[in-house]
Amino acid sequence: MTEVSSLTGRLLVATPALADPNFDRAVVLLLDHDEKGSLGVVLNRPTPVDVGDILEGWGELAGEPGVVFQGGPVSLDSALGVAVIPGEEGPLGWRRVHGAIGLVDLEAPPELLAAALGSLRIFAGYAGWGPGQLRGELSEGAWYVVESEPGDVSATHPEGLWRAVLRRQRGKLAMVATYPDDPSLN
């Protein structure tokens, strides 16, 4: 892997060797990556909790499935909104992270953003790494780093995202998508 100055906007896809149960077959969208550390959300961990049950007014704007996702093991009592907004300019209450993907200010009135939202996901918690920590995990082979696509944020079948993201890669990495859930059963 070549060194990249910032991985913001890219996906971390857990390798089969990653032993941490918080990240088993996880697909993490990096929202921030610099010398101070990294922050992202796990895109494929839906919970049974409806967005409307915890954030009044946002439930109608959340994409299918309209549930809260577990964004990671850090600060599970906080919420992050990630939305895809096409075009050059986003509305007040939205901050571009990468391409059409950005963060939503969940304190803003939902109707302020409603007309502009292409898709919205709400995450409880996030994944975080201190300075150099992610670099260490990458050198240990815990993650594949791949380009994100706006549709990754709004996948209607998030449980299949790990395989789908790997399948669209070129070469040997696409083969990893066929890795069995439990290799000992082979």
Checklist line | For the student: nearest non-hydrogen atoms of Arg163 and Ala177, plus distance | finding: NE-O, 2.8 Å

Next item on the list: State plainly whether one hydrophobic cluster holds both Val13 and Leu39, where clusters connect Ile, Leu, Val, Met, Phe, Trp and Tyr through side-chain heavy atoms under 4.5 angstrom apart.
Entry: yes

Next item on the list: Quick one: closest heavy-atom pair of Gly90 and Arg96, and the distance?
Entry: N-NH2, 4.3 Å

Note to self: Ignoring hydrogens, what is the shortest heavy-atom contact between Ala26 and Asn44? Give both atom names and the distance.
What the structure shows: CA-OD1, 3.6 Å

Item checked: Any donor-acceptor N/O pair, Asp50 side chain to Gly52 backbone, under 3.5 Å -> no

Check: Are Arg121 and Pro65 close enough that some pair of their side-chain heavy atoms sits under 4.5 Å apart?
Finding: yes

Margin query: When you compare the side chain of Leu29 with that of Val27, does any pair of heavy atoms fall below 4.5 Å?
Written below: no

Notebook entry, point to check: Under 3.5 Å, is there a donor-acceptor pair between the side chain of Ser148 and the main chain of Arg10?
Noted result: no

Check: Are Val42 and Ile122 joined in one hydrophobic group, where the rule is that I, L, V, M, F, W and Y side chains link up if heavy atoms are under 4.5 Å apart?
Finding: no

Notebook entry, point to check: Is the closest side-chain heavy-atom distance between Trp129 and Val74 below 4.5 Å?
Noted result: no

Check: Mind checking whether Val67 and Leu61 sit in one hydrophobic cluster, side chains of I, L, V, M, F, W, Y counted as touching below 4.5 Å?
Finding: no

Check: Are Thr8 and Asp34 side-chain neighbours, meaning at least one heavy-atom pair lies under 4.5 Å?
Finding: no

Checklist line | Side chains of Asp24 and Arg45 in contact at under 4.5 Å (non-hydrogen atoms) | finding: yes

Next item on the list: Indicate yes or no: at least one non-hydrogen side-chain atom of Leu12 is less than 4.5 angstrom from one of Phe23.
Entry: no

Note to self: Using every non-hydrogen atom in the two residues, find where Trp162 and Val176 come nearest and quote the distance to one decimal.
What the structure shows: CH2-O, 3.7 Å

Check: Any idea which heavy atoms bring Leu134 and Ser38 closest together, and the distance?
Finding: CD2-OG, 3.6 Å

Item checked: Minimum side-chain heavy-atom gap Tyr144-Val165 below 4.5 Å -> no

Checklist line | Test item: Asp32 side-chain N/O and Gly37 main-chain N/O as donor-acceptor pair under 3.5 Å | finding: no

Checklist line | Nearest-0.5 Å distance that lies between atom CZ in Arg167 and atom CG in Leu161 | finding: 11.0 Å

Next item on the list: Give a yes or no answer on whether the side chain of Ser119 reaches the backbone of Ser154 with a donor-acceptor pair at less than 3.5 Å.
Entry: no

Checklist line | Same apolar cluster: Val49 and Leu55, side chain cutoff 4.5 Å | finding: yes

Checklist line | Residue pair Val145 / Leu11, side-chain heavy-atom distance below 4.5 Å | finding: no

Note to self: By the side-chain hydrogen bond (donor to acceptor under 3.5 Å, both in side chains) test, which pairs, at least two apart or in different chains, include something from residues 68-77?
What the structure shows: none

Check residues 98-118 and write down every donor-acceptor pair under 3.5 Å in which the side-chain atom is one partner and the other belongs to a residue at least two apart or another chain.
from	atom 1	to	atom 2	distance (Å)
Asp105	OD1	Glu107	N	2.9

Notebook entry, point to check: Is it true that a side-chain atom of Glu140 and a backbone atom of Glu137 form a donor plus acceptor pair closer than 3.5 Å?
Noted result: no

Checklist line | Note: Arg168-Asp152 ion pair, threshold 4.0 Å (strictly below) | finding: yes

Checklist line | Residue pairs fulfilling ring-ring contact (aromatic ring centres under 6.0 Å, His included) with at least one residue in residues 34-86, sequence neighbours excluded | finding: Phe69-Phe123

Check: Can you name the closest pair of heavy atoms from Gln133 and Gly128 and give their distance?
Finding: OE1-O, 4.4 Å

Checklist line | Co-membership, hydrophobic cluster, residues Leu173 and Met175, 4.5 Å side-chain | finding: no

